[in-house]
Amino acid sequence: MTRFTNAVTAVMAAHPQPCVAVVAHGTVISLLAAHLTGRDPWTVWRALPLLGSVTVPWPHQPAQGTFARPGA
């Protein structure tokens with residue numbers, strides 16, 4: 001999760017736009033979206049339809065290296 005978060009952080013820093021699309025597998029997207037919104041990762045993942053999308057606000061400087069898998 002840390003590697004994905006760092007990659008998204010780098011993209012957001014390189015492209016400071018109001019809206020940036022990130023394409024990835026539902027599992028990693030769910031973990032990041034759950035962390036950013038305070039929701040349960042399993043609930044976020046189960047709610048994603050096939051080819052679905054999640055929209056979340058991105059903090060200006062998110063904490064890096066603080067993400068863990070559920071149950072870890």
Side-chain angles (χ1 to χ4, degrees):
M1 186 66 216
T2 300
R3 186 172 70 178
F4 180 66
T5 302
N6 291 344
V8 173
T9 300
V11 168
M12 296 301 287
H15 304 282
Q17 305 296 317
C19 184
V20 174
V22 176
V23 179
H25 291 278
T27 305
V28 72
I29 289 285
S30 297
L31 290 171
L32 181 58
H35 176 78
L36 292 172
T37 62
R39 295 175 60 198
D40 174 60
W42 175 250
T43 303
V44 174
W45 183 80
R46 294 281 298 170
L48 283 177
L50 184 62
L51 301 176
S53 65
V54 176
T55 302
V56 295
W58 188 256
H60 291 292
Q61 294 185 354
Q64 295 185 18
T66 59
F67 301 97
R69 293 181 183 203

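Heavy atoms only, all atoms of each residue included: V22 and I29 are closest at O-CD1, 4.2 Å. Nearest heavy atoms, V20 versus H15: CG2-O, 3.6 Å. For P41 against S30, the heavy-atom pair with the smallest separation is O-CB, 4.0 Å.
One distance of note links OG1 of T43 with CG of L48; it measures 11.0 Å at 0.5 Å rounding.
One hydrophobic cluster, built from ILVMFWY side chains closer than 4.5 Å, holds both L32 and V56. The hydrophobic clustering, which links ILVMFWY residues whose side-chain heavy atoms are closer than 4.5 Å, places V44 and V8 apart.
In this structure, F4 and T27 have side chains that are not in contact, with every pair of non-hydrogen atoms separated by 4.5 Å or more.
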